[in-house]
Structures are given as structure tokens and as C-alpha cells.
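Input: a single structure, listed below in C-alpha cells.
Position 1 is the first residue of the sequence; numbering continues from there. The structure displayed is predicted, hence computed values, not measured ones. Excluded from the calculations below are hydrogen atoms, water molecules and symmetry mates; all remaining heavy atoms, backbone and side chain alike, are included.
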Amino acid sequence: MKRILVTGGAGFIGSHLCKRLLAEGNEVICLDNYFTGSKQNILELLEHPYFELVRHDVTQPYYAEVDEIYNLACPASPVHYQYNPIKTIKTSVMGAINMLGLAKRVKAKILQASTSEVYGDPAVHPQPESYWGNVNPIGPRSCYDEGKRCAETLFMDYHTQNGVVIKIARIFNTYGPHMNINDGRVVSNFIVQALKGEPITIFGAGSQTRSFQYVADLVEGLVALMQTDDSVTGPVNLGNPTEFTMLQLAEEIIALTGSRSKLQFEPLPQDDPKQRQPDIQLATQLIPLWRPHTALQQGLEQTINYFEQQLVDTN
């Protein structure tokens, strides 16, 4: 049995990860300040004898004897990370410093949940880990993009200077149950709009592309990456390389929900990436048993079912 700390553990991805780690027989400490996370996401875990919930902000130091740390704490949708950009970059940078300091102190292995946003609006497609990105350092998305880039730097420096065992996962667009109903990400936006019969908001012409990964596939990738040899540091892309335009996604969701929603076109936000697709060759080499298996239709069906229940509960 390992004692594992998950920061952001009550969030969308963190809650699924906590459940997965408990199922393996581990002891899990879930750390969250509930800015975007929710106790609702982990209600079913609260009675588990090996689960501990701690309300805490990672911008403040935290001390515990643990074997592994998954650092997921940070708002990840534009609506939330642009709400308080200074807090966002503090969470990425100071949170990384505090968790790396803990890992160094207790000799724990630590994984950083980085993001495909480190590639910015990419000039290389698909995006391999060797690509340094095309990021605006002073735009509205910079607090998140540059915060995550700085966190990667900190992780590498703690590894090279202090010998901390690190893993860096660059997470591409992920969706599934436990997404916040108002988080502003495209999958949740489209599903909620479709279920309510509201116009589905398409930014630009809808030709921009994303690659959508179901949350269960991501969690398996994170756990598998953590279990790789200590010489493997990353960064490693974790995503589904199947690419869809926003129009294709909207049409799929309208079909699956049986909605009569119409498409409503709005101006493209500043610095919104035109293309986003992971090159996962490195991941498949380092984690031979990992592949994103969930087809978009299958994952959307499960996500739609979740949001249908959420809308019933809130009405």
C-alpha cells in the first residue's frame, strides 16, 4: 500500500484519480480548496477507510508523509482561470514550489499535471513534446499557459538540482462526468446548451480543431506514467489523437441529445488555438500498455447522462 497525495483531488480529473488509486488499495489524501472542485465529486469516497479529505490551498505549504504526489491543483477552464489570473499563476507556480519542496523533504515521487496549453496556438501540427510552443506571454490566457510552463521548469530544476523523482504529463482536452456544469469548456458548454435547447455557441467559423480524451483514459495514463522507471521524467503528451472540428462536435452532441438547438456563431476569442492534436508516439513508447480507447460517441453518451442528472438535481 502506498500513501498518495492528490492536490486538486475534488476536481474533475482529481476525483476520478482518487477513486482509481483507492481501487488499487492505496491510502489517498485529497487536497482541495474547492475553488473549482466540489465535495459532490468525492461524496462516494468519504466513507472509504483509506480516504482522507483536507481543505487546503496549495499556495500555502502542506506537510505529510507520502510516497507519491499527483499535483493537479489549478483551475483549468478559461472561465475559471481568467476570473482571478494572479491567483491562477500563483497556484501553478507557488503550488509547484510547495509540492516539490514536500517531495524533496519526504523523498516522494511527484507528477505534474501540465497541459497542452504550453504549446499555445501551435505552428507545428500535431504537437510533439519537442515543440517549444507559440504562447503569448501577456494575453488573457497567459496566467494559465505561462504558469504551467513555469511549473514544468521548476519540476525539471528540482529534478536536476535536488534529485527529486518527477513526471510531467501534458494533458490534452479531457471530458467526462464530474465536469463543472458552468466551467466554460467546449464539451460541457455544448452538452448543457443542447440539453436546455439553447443555441450552441460556436466561436469563429467552427473550423478550429480539438482532440478529445475521455477522463478514464487519461487517469490510466497518469497512473501508468507515475509507475514508469525513475529515469522517465517527461514531459509526455497524454491525449486522444483523433481530431474533430467544433462543428463536428456540435453536430455529434445535437444528434446524441436529440436537441433542436441551432448553431450561433460568435467572434473567436483572443489567442484561441486554431488546432490542437497530440503526438502520442512518446507516450506509447514509454507506456506500452496505454492507449486512449474510448471513442468520442461512447464518452459523450456517458457525459450527457451525467449532465442530464445534474440539470435535474439543480431544478
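- A distance of 11.0 Å separates CG in Leu21 from SG in Cys30, rounded to the nearest 0.5 Å.
- The residue from Asn33, Asn98, Thr7 that alone fulfils the side-chain hydrogen bond (donor to acceptor under 3.5 Å, both in side chains) condition with Asp57 is Asn33.
- The minimum heavy-atom distance between Val232 and Leu225, with the atom names listed, is CG1-CD1, 4.3 Å.
- Tyr62 and His56 have their aromatic ring centers within a separation under 6.0 angstrom.
- Across Val164 and His159, no two heavy atoms sit closer than the pair O-ND1, 2.9 Å.
- Formation of a donor-acceptor pair under 3.5 Å by the Thr160 side chain with backbone atoms of Tyr158 is not found in this model.
- A perpendicular orientation is assigned to the rings of His16 and Phe12, their planes being inclined by more than 60° (bins at 30° and 60°).
- In the displayed structure, Glu266 atom CD is contacted under 6.0 Å by more than 12 heavy atoms of other residues, nucleotides or ligands.
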Less than 3.5 Å apart, which donor and acceptor atoms pair up between the side chains of residues 89-96 and the rest of the protein, not counting sequence neighbours?
unit_1: Thr91; atom_1: OG1; unit_2: Lys87; atom_2: O; d: 2.8

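- Taking 4.0 Å as the cut-off between side-chain N and carboxylate O, Glu152 and Arg170 count as a salt-bridged pair.
- Under 3.5 Å, the side chains of Lys167 and Thr228 contain a donor-acceptor pair of N or O atoms.
- A distance of 9.0 Å separates CZ in Arg20 from CG in Asn26, rounded to the nearest 0.5 Å.
- Contact record, Trp290 with Gln213: CZ2-OE1, 3.7 Å, taken as the closest heavy-atom pair.
- No more than 12 heavy-atom neighbours from other residues, nucleotides or ligands sit within 6.0 angstrom of CD on Gln281.
- A chain of hydrophobic side-chain contacts below 4.5 Å, direct or via other Ile, Leu, Val, Met, Phe, Trp or Tyr residues, connects Phe244 to Ile280.
- Applying the salt bridge (charged side-chain N to carboxylate O under 4.0 Å, His left out) rule to Glu44 yields the partners Lys19; only residues at least two apart in sequence or on another chain are considered.
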Working for side chain to side chain contact (heavy atoms under 4.5 Å, CB included), residues Val6 and Leu31: CA-CA 6 Å; Val6 180; Leu31 212 67; over 6 Å; no

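- The existence of a salt bridge linking Asp67 and Lys109 is excluded, since no basic side-chain nitrogen approaches an acidic carboxylate oxygen closer than 4.0 Å.
- Using a distance-only test at 3.5 Å, with no hydrogens or angles considered, a donor-acceptor pair links the side chain of Asp121 to the main chain of Lys274.
- Counting only distance, with no hydrogens or angles, the side chain of Thr257 and the backbone of Leu195 share no donor-acceptor pair below 3.5 Å.
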Identify all side-chain donor-acceptor contacts of residues 203-212 below 3.5 Å with residues at least two apart in sequence or on another chain.
unit_1: Gln208; atom_1: OE1; unit_2: Gly206; atom_2: N; d: 3.4
unit_1: Gln208; atom_1: NE2; unit_2: Phe203; atom_2: O; d: 2.8
unit_1: Thr209; atom_1: OG1; unit_2: Glu243; atom_2: OE2; d: 2.5
unit_1: Arg210; atom_1: NH1; unit_2: Pro273; atom_2: O; d: 3.0
unit_1: Arg210; atom_1: NH2; unit_2: Asp272; atom_2: OD1; d: 3.4
unit_1: Arg210; atom_1: NH2; unit_2: Pro273; atom_2: O; d: 3.0
unit_1: Ser211; atom_1: OG; unit_2: Arg276; atom_2: O; d: 3.1

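- Of all heavy-atom pairs spanning Ser261 and Gln193, the tightest one is OG-O, 3.4 Å.
- Across Leu263 and Ala250, no two heavy atoms sit closer than the pair CD2-CB, 4.0 Å.
- In this structure, CD1 on Ile4 lies 10.0 Å from CD1 on Ile29, to the nearest 0.5 angstrom.
- Note that CG of Asn71 is 8.5 Å distant from CG of Leu111, once rounded to the nearest 0.5 Å.
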Glu308 vs Gln310, side-chain hydrogen bond (donor to acceptor under 3.5 Å, both in side chains): CA-CA, chis, key distance, verdict: CA-CA 5 Å; Glu308 283 178 330; Gln310 292 299 298; over 6 Å; no

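- Counting heavy atoms of neighbouring residues, nucleotides and ligands inside a 6.0 Å radius, atom OH of Tyr50 does not exceed 12 of them.
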Derivation of the side chain to side chain contact (heavy atoms under 4.5 Å, CB included) call for Glu220 and His293: CA-CA 11 Å; Glu220 290 305 312; His293 294 296; over 6 Å; no

Glu252 and Gln248: CA distance, side-chain angles, deciding distance, side-chain hydrogen bond (donor to acceptor under 3.5 Å, both in side chains) verdict: CA-CA 6 Å; Glu252 182 74 19; Gln248 288 174 316; over 6 Å; no

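- The distance from atom CG of Asp157 to atom CG of Asn162, rounded to the nearest 0.5 Å, is 9.0 Å.
- Shown here for Tyr175 and Leu296, the closest heavy-atom pair between the two residues is OH-O, 3.5 Å.
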Pair Val223-Glu24, side chain to side chain contact (heavy atoms under 4.5 Å, CB included): steps then yes or no: CA-CA 10 Å; Val223 172; Glu24 276 191 345; 3.9 Å; yes

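- The backbone N or O of Ala123 lies less than 3.5 Å from a partner atom in the side chain of Tyr131, making a donor-acceptor pair.
- Of the inter-residue distances, the one linking Glu68 atom CD with Arg3 atom CZ reads 13.0 Å to the nearest 0.5 angstrom.
- The backbone N or O of Gln127 sits less than 3.5 Å from a side-chain atom of Asn237, completing a donor-acceptor pair.
- Of the possible polar contacts, none joining the Asp230 side chain to the Val165 backbone as a donor-acceptor pair under 3.5 Å is found.
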Verdict with reasoning, Phe307 to Thr303, per side chain to side chain contact (heavy atoms under 4.5 Å, CB included): CA-CA 6 Å; Phe307 277 116; Thr303 311; 3.6 Å; yes

